[in-house]
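Heads up: the structure comes next, in structure tokens.
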Amino acid sequence: GAGVSQSPSNKVTEKGKDVELRCDPISGHTALYWYRQRLGQGLEFLIYFQGNSAPDKSGLPSDRFSAERTGESVSTLTIQRTQQEDSAVYLCASSRVHFGPGTRLTVL
Amino acid sequence: SQQGEEDPQALSIQEGENATMNCSYKTSINNLQWYRQNSGRGLVHLILIRSNEREKHSGRLRVTLDTSKKSSSLLITASRAADTASYFCATDAGGTSYGKLTFGQGTILTVHP
């Protein structure tokens, strides 16, 4: 079946703008994770959704970062007032081991 | 923060040779996983080893886990050019953090034809 999809695949924005990144998990998967990967680094956990439980936001680096998930479907990661250090690949995972292709964010 | 540390950071071998990558971690785990990443994008899950397991095989992959030393190794036998990628270990502490992975920095493997 279809895997995890993310959009856009690439996003270039100017410093100070807000961006929204989207993740479509595998249908029926209750868990959804967001990770950030800076160039040449491993992945850093950002946020975790599990069903209707309160999300685990312990990895969000600042209050400029937020994420939502509607039920057990689509999730959006929002970064407000983007900074150059936000440039990275943002990866979404559905039920732990199924990763999406990522969104490459470049902040100029 | 990155719990895992992997070595080597980069490994270059000839096709047909074996490749061994190591991972160390700091806290107790429920399981440890290895992933492959091509071209800095999506991750492919390779293998999961639970904390009560010592060795696991999958095709040309062999993973060992030593919880007393908090270390794991990934062996790729008879390597192929197509194995060229970055390899990451990731630990899962379990409990309320189940599924929340802590990744190492990765090993860049280059297999020359």
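Letters go in sequence order (proteins before strands), and every chain restarts at 1. Below, all heavy atoms of this structure are taken into account, side chains as well, without hydrogens, waters or symmetry copies.
For the side-chain contact (heavy atoms from CB on, under 4.5 Å) criterion with B:Tyr35, the lone passing option out of B:Leu46, B:Leu43, B:Val44, B:Ile47 is B:Leu43.
For A:Arg64, the CZ atom sits in a packed shell: over 12 heavy atoms of surrounding residues, nucleotides or ligands are nearer than 6.0 Å.
Only the side chain of A:Ser58 comes within contact range of chain B, with at least one heavy atom under 4.5 Å from a heavy atom of that chain. Contact of B:Ile108 with chain A is not made at all, since no heavy-atom distance falls under 4.5 Å. Of the atoms belonging to B:Gln9, not a single heavy atom falls under 4.5 Å from chain A.
Salt bridge annotation for B:Lys100-B:Asp92: absent, with no cationic side-chain nitrogen under 4.0 angstrom from a carboxylate oxygen. A salt bridge is absent between B:Arg80 and B:Glu15: the closest approach of a Lys/Arg side-chain nitrogen to an acidic carboxylate oxygen does not fall below 4.0 angstrom.
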